[in-house]
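Notes to accompany the following structure.
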Amino acid sequence: SSRRGGRMPSIEALVSLSTVLNVQPAEVFERVKLGTQVPLDITGLDYDTLRERALALYWAGNYLKALAIYDAMVDQLVLDPPQDKTELRRRRARIEVNRASTLRRCGALSAARAAAERAVTLAEDYADLRADAYVVLATLLVDAGLLPFARDAADNAVSISRGLPSQGQA
């Protein structure tokens, strides 16, 4: 029982839950810490508008609010997915890349790594997003001191990027 009168799960329960959900215990604690955000009302806002707002908040240093928007965007994709399944997968991959970067800025490194790994998988058919996902993953692996793995991720990003047209090309 917590001091606030509510019941708190035991460590054993959290570890069991993390095992069942295939989530690292540290990620569970990070999610609890970040879960104090007030829900957002995104009624009537489209994907592009939400993405612009989240990016503006991110670049302004308001990472928790940006994260709240990215989380709301994931919910929106589940509740009202685009008809085109390819577009759904691309949007989800983009959101996960952005979530990973934002979670890193919030200090939720386990959750950020999980989001970056999801982004790599979701972006399988989208070289630009896959390269972005590998860049974020490489950064997270450097943060964790896993330098050989970080180098592999960075090499993957460079290799993928070489196959992309330069930004000056049409």
Side-chain angles (χ1 to χ4, degrees), residues 9 14 16-141 153 156-157 159-161 163-165 167 169-170:
L14 286 174
S16 296
L17 182 61
S18 70
T19 301
V20 169
L21 296 176
N22 195 27
V23 175
Q24 295 294 324
E27 189 177 349
V28 173
F29 291 119
E30 290 172 354
R31 288 181 182 185
V32 168
K33 180 181 161 190
L34 294 174
T36 59
Q37 282 291 311
V38 176
L40 298 173
D41 180 12
I42 61 168
T43 308
L45 299 178
D46 66 5
Y47 171 84
D48 292 326
T49 302
L50 290 170
R51 184 165 180 252
E52 287 171 14
R53 286 186 182 183
L55 286 171
L57 288 166
Y58 177 90
W59 290 114
N62 198 334
Y63 306 117
L64 288 175
K65 284 188 180 178
L67 181 62
I69 291 176
Y70 289 129
D71 290 343
M73 290 172 73
V74 171
D75 292 344
Q76 186 182 57
L77 282 181
V78 170
L79 296 173
D80 187 23
Q83 292 293 322
D84 182 357
K85 296 301 177 197
T86 302
E87 183 62 20
L88 172 64
R89 191 172 177 92
R90 184 172 180 77
R91 286 182 183 185
R92 182 63 199 263
R94 171 49 63 201
I95 292 168
E96 289 299 332
V97 168
N98 292 347
R99 281 186 77 248
S101 183
T102 306
L103 284 162
R104 178 180 175 266
R105 294 292 185 160
C106 291
L109 301 182
S110 295
R113 184 171 169 187
E117 289 170 348
R118 273 191 303 276
V120 166
T121 301
L122 288 165
E124 182 178 3
D125 298 327
Y126 314 105
D128 59 331
L129 291 176
R130 195 165 172 94
D132 289 350
Y134 273 122
V135 167
V136 175
L137 183 58
T139 304
L140 289 160
L141 292 168
N156 284 336
S159 176
I160 293 166
S161 294
L164 294 173
Q167 290 185 338
Q169 296 177 342

**Asked** Are the charged groups of D132 and R94 less than 4.0 angstrom apart, N to O?
**Response** yes
**Complete:** CD of Q76 to CG of L45, rounded to nearest 0.5 Å, is 7.5 Å
**Prompt:** Heavy atoms, side chains only, cut-off 4.5 Å: are S110 and L103 in contact?
**Reply:** no
**Request:** Considering non-hydrogen atoms only, spot the tightest contact between I160 and A127 and give its length.
**Result:** CG2-O, 3.2 Å
**Request:** Over all heavy atoms of both residues, which pair between R130 and E124 is shortest? Give the atoms and the distance, please.
**Result:** NH1-CA, 3.5 Å
**Item:** Distance-only donor-acceptor check, side chains Y70 and T102, under 3.5 Å
**Value:** no
**Complete:** Minimal heavy-atom distance between A119 and A93, with the atoms involved, is CB-O, 4.0 Å
**Fill in**
Taking every heavy atom of A157 against every heavy atom of A131, the minimum-distance pair comes out as CB-O, 3.6 Å
**Request:** Side-chain contact test, heavy atoms from C-beta onward, threshold under 4.5 Å: evaluate it for D125 versus R90 and give yes or no.
**Result:** no
**Fill in**
Between V97 and L129, the two heavy atoms sitting closest are CG2-O, 4.0 Å
**pair R91-E87: side-chain heavy atoms closer than 4.5 Å** = yes
**Prompt:** Can you name the ring-ring contact (aromatic ring centres under 6.0 Å, His included) partners of Y126, sequence neighbours left out?
**Reply:** none
**Request:** Looking only at non-hydrogen atoms, find the nearest pair between Y58 and A66 and report the distance.
**Result:** N-CB, 3.8 Å
**Message:** Once rounded to the nearest 0.5 Å, what's the spacing between atom CG of N98 and atom CD1 of I95?
**Reply:** 8.0 Å
**Prompt:** How far apart are the C-alpha atoms of E96 and R99, what are their side-chain angles, what is the distance that settles it, and do they pass the side-chain contact (heavy atoms from CB on, under 4.5 Å) test?
**Reply:** CA-CA 5 Å; E96 289 299 332; R99 281 186 77 248; 3.2 Å; yes
**Request:** Any pair with a residue in residues 73-82 that passes salt bridge (charged side-chain N to carboxylate O under 4.0 Å, His left out), sequence neighbours left out, goes on the list, sorted by first then second residue, please.
**Result:** none
**Request:** For the residue pair R104 and V136, establish whether any side-chain heavy-atom pair is separated by less than 4.5 Å.
**Result:** no
**Message:** Taking CZ in R51 as the centre, count heavy atoms belonging to other residues, nucleotides or ligands within less than 6.0 Å. Is the count above 12?
**Reply:** yes
